[in-house]
Amino acid sequence: MSITFNKPPSVAFLTGQFTAENVIKKVTRSGDLSGVFHDIAAWQAIPSDTPIYEVEMLNSLQGEGELYVGMTHLHPGRVGNEFHMTRGHFHQRREQGEVYFGIRGSGLLLLQNEHRKAWLEHVSPGSVHIIPGDTAHRLINTGSEVLSALAVWPSIAGHDYGSLAQGFAARVVLQDGKIQAKEVQNG
Ligand code: F6R
Ligand code: ZN
């Protein structure tokens, strides 16, 4: 019997581009992000087909014990004074964690527990983010280039967006020329 050598997928460290077969790409556009940004008039002024972020996923096994691998590319920009961000979610299986790894650009990872306690971590090329279970997470691009981050999570985790319908407990805005995180009561 001979041992086979499989060709693994690869990622370009400078751009976060995957080289692999069967990469699945999902584009999230401004129009998909209803209720996400604070300044509704500013959000409505943006063409609804404007891409805000793309997620590319490698082809991997599903089921208990298996892992998904995805790359988020979050475009720079603001809606009003608020930086571009992902929708953000808890995992449906609350106890399931995730790892994010910064690849390109600069931004923040907003984390929040079930008691609405929020905190932030700086995302930059090489940063490693261990997201515990029971913790909602959202990427925010505070820089001027695309923010790309690799994510690895259990395929059974699922996504729960609904529990954050009232929004996260913090918003990150440009105010007085500075990046500022503001605590908010209700989204
Ligand atoms: C998967 C994960 C990421 C996000 C991606 C888009 O569990 O955390 O791959 O799914 O950054 O963000 P959402 O899903 O919040 O639109
Ligand atoms: Zn997640």
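Please read these numbers as outputs of a predicted model, since none were measured by experiment. Scope of the values below: all heavy atoms of this structure, side chains included, with no hydrogens, waters or symmetry mates. In what follows, residues are counted from 1 in the order of the sequence shown. Both counts, for ligands and for their atoms, begin at 1 and track the order of listing.
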*Kindly check if the number of other-residue, nucleotide or ligand heavy atoms within 6.0 Å of NE2 (His159) is above 12?*
yes
*For atom 16 (O) of ligand 1, what's the nearest protein heavy atom and its distance?*
Tyr53 OH, 2.5 Å
_Ring-ring centroid check Phe37 Trp43, cutoff 6.0 Å_ = no
_Give me the nearest non-hydrogen protein atom to atom 3 (C) of ligand 1 as residue plus atom name, then the distance to 0.1 Å._
Tyr100 OH, 3.4 Å
*Find all atoms of ligand 1 within a distance of less than 4.0 Å from any non-hydrogen atom belonging to Glu98, and give their numbers and elements.*
1 (C), 2 (C), 3 (C), 7 (O), 8 (O)
*Side-chain contact test, heavy atoms from C-beta onward, threshold under 4.5 Å: evaluate it for Lys25 versus Met57 and give yes or no.*
no
_Suppose we measure from atom 12 (O) of ligand 1 to each protein heavy atom; which comes out shortest, and what is that distance?_
Thr86 CB, 3.6 Å
*asked:* I'd like to know if Tyr161 contacts ligand 1, where contact means a heavy-atom distance under 4.0 Å to any ligand atom.
replied: yes
_Check: Arg87 side chain, Asp32 main-chain N or O, donor-acceptor pair, under 3.5 Å_ = yes
_Just to confirm my output: which protein heavy-atom neighbour is closest to atom 4 (C) of ligand 1, and how far is it?_
His89 CE1, 3.7 Å
*asked:* Counting only heavy atoms closer than 4.0 Å, does ligand 1 sit against the backbone of Arg138, its side chain, both, or neither?
replied: neither
*Distance only, no hydrogens: is a donor on one side chain within 3.5 Å (strictly under) of an acceptor on the other, for Ser127 and His129?*
yes
*Of all the atoms in ligand 1, which lie at a distance below 4.0 Å from a heavy atom belonging to Trp153?*
1 (C), 7 (O), 9 (O)
*Test item: Phe18 and Pro9 side chains (from C-beta on) under 4.5 Å apart, heavy atoms*: no
*Is the distance between the Zn ion (ligand 2) and the nearest N/O/S atom of His89 smaller than 2.8 Å?*
yes
*asked:* Under 4.0 Å from a heavy atom of Thr72: which atoms of ligand 1 are those, numbered in the order shown and with their elements?
replied: 5 (C), 11 (O)
_Shortest-distance N, O or S atom of His91 relative to the Zn ion (ligand 2)_ = NE2
_Among the N/O/S atoms of Glu98, which is closest to the Zn ion (ligand 2)? Give the atom name._
OE1
*Just jot down the ligand 1 atoms closer than 4.0 angstrom to any heavy atom of His137, in number order.*
8 (O)
*Taking the non-hydrogen atoms of Gly70, is any one of them nearer than 4.0 angstrom to ligand 1?*
no
*Regarding Arg94 and the six-membered ring of Phe90, is the cationic atom NZ or CZ under 6.0 Å from the ring centre and inside 45° of its axis?*
yes
*Centroid-centroid distance, His84 to Tyr53, less than 6.0 Å*: no
_Distance alone, cut at 3.5 Å: any donor-acceptor contact between the side chains of His75 and Glu54?_
yes
*Does some non-hydrogen atom of Val55 fall short of 4.0 Å from ligand 1?*
yes
*Between Arg104 and Thr15, is there a donor-acceptor pair closer than 3.5 Å when you use the side chain of the first and the backbone of the second?*
yes
*Where on Tyr68 is there a heavy atom closer than 4.0 Å to ligand 1, on the side chain, on the backbone, on both, or on neither?*
neither
*Any idea which atoms of ligand 1 are less than 4.0 Å away from a heavy-atom of Gly88?*
15 (O)
*Less than 4.5 Å apart, any side-chain heavy atom of Leu110 and any of Val172?*
no
